Asks: 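Pasting a structure here, questions to come.
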There are 2 protein chains.
Amino acid sequence: MPCFFSVFLNAYFTFFMRPSRKTQIIQTAASLFCDKGYNAVSMRNLADELGIRAASLYNHISSKEEILAHVILEVAKSFSRHINQTFPKEDSALQKLENIIVMHVEITIQKTDALACMNNDWMHLDSIHRNRYIQMREDYEDKFRAIILNGMEKGEIEKRDPEIIVFSLLSTLRTLYLWYAKNRDFDENILKEEVAETLLSGIVK
Amino acid sequence: MPCFFSVFLNAYFTFFMRPSRKTQIIQTAASLFCDKGYNAVSMRNLADELGIRAASLYNHISSKEEILAHVILEVAKSFSRHINQTFPKEDSALQKLENIIVMHVEITIQKTDALACMNNDWMHLDSIHRNRYIQMREDYEDKFRAIILNGMEKGEIEKRDPEIIVFSLLSTLRTLYLWYAKNRDFDENILKEEVAETLLSGIVK
DNA sequence: GTCTATAGGTTGATAGAC
DNA sequence: GTCTATCAACCTATAGAC
């Protein structure tokens, strides 16, 4: 028989912590988009998953595209926020890269669905959201490239084609969610170390 | 005024070398699927691109899914064919990996659209084709992993988590088409060398 | 080998009752 | 905040004329 405390906690959760319907819709949509892709998920599919009718969704969101934009731009902002933080001045390029790799692993674990969605479905954003996304991604790549170039100048990183190094590192980090989806019980800290070592030992002199 | 020879050559090309309508349809479809994704391309879009009506497509193909299956399974077979070839016995694990990287770059350059399509739209294959694709991909990964493990045993490759090494290498190779699409004039041979060095120096003792 | 016409179903979204 | 009813547009695919 449940004690008073657990009943209270449950009620508290139900009334104060329960995600809003809008949040539920967005999270459920992200999960479906992740599996089948934006265009293969209908508003009826999404409503079914939530146990309501498709028309009811429009009391919480104004269009299907709005959901996509929310999912993608939220996770894109996470990356922007991190790369725009001021790294400690004394950090080497390598320390910055390690920091960035750790961040990618964390976002991969926390926002797996949204990340998949961003990678696969950004081209289905309407033109305003799409331009905003592309701008953020280009800004991110520029800052990432600057760290690599700086590391090369200081002799911390092998002097090879920086474009290929940037692409090689980012392609692995961006698609890590594919690997993580099949290895959800892998230890987070070991994953951070292993990925950092595999990616970085290659470009370190 | 065109000379007899060029008129002859043109006629020869027109009648004997022109790709069949089916081939045209498949190549055009691959290009559209690559840009927008399978579900965002309608049979009308595809027909428009070819200057005919949607109904006319069905004289050459039996369904939209058949086109997708053809595009994806053809390129999947290219990879299977290569990894199943008998490597020279005296090849080291490293030489085998270099060989595989070169092959990935070549397929990336020759079949950019189909590769994008395979990566993004395989889940829209019908169940029979999808199972065949998944089988081929798993077989490919198994053989790739075996080369890594063999290299570790022989002390050619750093002893780290083989799953993460396999994922890291394949994620870069599989998404190289994204980079290549924006750098089409990059020299093929330099690309092969740079990618191989960036990926391999990291795992070589 | 292409066309027109059309079947039969799904889509995203709205109006208005409760 | 959910429902039913409905719309106009679009989808894949077929039938049959030319």
Side-chain angles (χ1 to χ4, degrees), chain A residues 14-33 35-72 117 120-130, chain B residues 14-33 35-72 117 120-130:
Chain A
T14 303
F15 289 108
F16 297 101
M17 303 291 286
R18 183 176 44 182
S20 72
R21 197 95 239 213
K22 182 162 178 170
T23 306
Q24 280 181 48
I25 290 170
I26 288 167
Q27 285 175 353
T28 307
S31 164
L32 291 175
F33 293 165
D35 288 342
K36 311 204 231 171
Y38 177 70
N39 277 296
V41 177
S42 70
M43 295 303 270
R44 284 168 180 81
N45 295 152
L46 175 54
D48 280 353
E49 204 75 15
L50 291 158
I52 59 176
R53 295 296 194 146
S56 307
L57 294 168
Y58 290 89
N59 264 291
H60 307 280
I61 49 97
S62 67
S63 71
K64 188 186 177 189
E65 196 275 343
E66 188 203 288
I67 304 177
L68 184 69
H70 194 283
V71 170
I72 291 181
C117 198
N120 301 324
D121 287 321
W122 64 267
M123 70 285 280
H124 302 121
L125 292 169
D126 71 28
S127 63
I128 293 174
H129 292 132
R130 189 169 60 243
Chain B
T14 304
F15 291 105
F16 297 102
M17 302 290 286
R18 184 175 44 183
S20 71
R21 198 93 237 214
K22 182 162 179 172
T23 306
Q24 280 181 47
I25 289 170
I26 288 168
Q27 285 175 351
T28 307
S31 165
L32 292 175
F33 294 164
D35 289 341
K36 310 204 229 172
Y38 178 70
N39 277 298
V41 176
S42 71
M43 294 302 269
R44 280 186 246 277
N45 297 151
L46 175 54
D48 281 353
E49 204 75 15
L50 291 158
I52 58 174
R53 296 298 192 140
S56 307
L57 294 168
Y58 291 87
N59 263 291
H60 308 280
I61 50 96
S62 66
S63 71
K64 189 185 177 189
E65 196 276 341
E66 188 204 287
I67 303 177
L68 184 69
H70 194 281
V71 170
I72 291 180
C117 197
N120 301 323
D121 288 320
W122 64 268
M123 71 284 280
H124 301 120
L125 292 169
D126 71 26
S127 63
I128 292 176
H129 292 131
R130 190 167 60 243

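No hydrogens, no waters, no symmetry mates; every other heavy atom, side chains included, goes into these values. In what follows, chains are A, B, ... by sequence order, proteins preceding strands, each numbered from 1. Keep in mind that this is a model prediction, so the values were computed, not measured.
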Asks: Please report the distance, rounded to the nearest Å, between CG in A/Leu68 and P in C/dT11.
Replies: 17 Å
Asks: What nucleotide, of D/dT14, C/dT11, D/dT12, holds the atom closest to the side chain of B/Arg44?
Replies: D/dT12
Asks: Figure out the CG/P separation between B/Leu46 and D/dA13, and round it to whole Å.
Replies: 12 Å
Asks: Could you tell me whether the phosphate oxygens of C/dT4, OP1 or OP2, come under 4.0 Å of any side-chain nitrogen or oxygen in B/Arg53?
Replies: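 Yes, because at least one side-chain N or O of B/Arg53 sits under 4.0 Å from OP1 or OP2 of C/dT4.
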Asks: Measure from CG on A/Asn39 to C1' on C/dT10 and round the result to the nearest Å.
Replies: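 From A/Asn39 CG to C/dT10 C1': 13 Å.
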Asks: Using a cut-off of 4.0 Å on non-hydrogen atoms, how would the nucleic acid contact of B/Arg21 be classed: base, sugar-phosphate, or nothing?
Replies: sugar-phosphate
Asks: Would you say B/Tyr58 places a side-chain N or O within less than 4.0 Å of OP1 or OP2 belonging to D/dT14?
Replies: no
Asks: From CG of B/Leu50 over to P of C/dC3, roughly how many Å is that when rounded to an integer?
Replies: 11 Å
Asks: What nucleotide, of C/dG1, D/dA15, C/dA13, holds the atom closest to the side chain of A/Ser63?
Replies: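 Given the options C/dG1, D/dA15, C/dA13, the side chain of A/Ser63 is closest to C/dA13.
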Asks: Decide yes or no for B/Leu46 and B/Ile67: does some side-chain heavy atom of the first lie under 4.5 Å from some side-chain heavy atom of the second?
Replies: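 Yes, side chains in contact.
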Asks: I'd like to know if the side chain of A/Asp48 reaches the main chain of A/Asn45, judged simply by a donor and an acceptor atom lying under 3.5 Å from each other, with no hydrogens or angles considered.
Replies: no
Asks: Quick check against the 3.5 Å criterion: does B/Lys64 have a side-chain atom that pairs as donor or acceptor with the backbone of B/Tyr38?
Replies: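 Judged by distance alone, yes, a pair lies under 3.5 Å.
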Asks: Taking atom C1' of C/dA13 as reference, at what distance in whole Å does atom CE of A/Met43 sit?
Replies: 8 Å
Asks: Which whole-number value in Å describes the distance from A/Ile25 CD1 to C/dA13 P?
Replies: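 Interatomic distance, CD1 of A/Ile25 to P of C/dA13: 13 Å.
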Asks: Taking A/Asp126 for its side chain and A/His129 for its backbone only, find out whether a donor-acceptor pair lies under 3.5 Å.
Replies: yes
Asks: By nearest nucleotide on DNA chain D, pick out whichever of A/Ala54 and B/Asn45 is the more 5' one.
Replies: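 Its nucleotide being nearer the 5' end, the pick is A/Ala54.
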Asks: Return the nearest nucleotide to the side chain of B/Ser42; candidates are C/dG12, D/dC11, C/dT14.
Replies: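 That would be D/dC11.
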Asks: Which whole-number value in Å describes the distance from A/Ile52 CD1 to D/dT4 C1'?
Replies: 14 Å
Asks: Calculate the interatomic distance between A/Asp48 atom CG and C/dT10 atom P; express it in whole Å.
Replies: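 It works out to 12 Å between those atoms.
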Asks: Out of curiosity, A/Ile25 CD1 to A/Ser56 OG, how far, rounded to the nearest 0.5 Å?
Replies: 9.0 Å
Asks: Of the listed nucleotides (D/dT12, D/dA15, C/dA13), which one gets closest to any side-chain atom of A/Lys64?
Replies: C/dA13
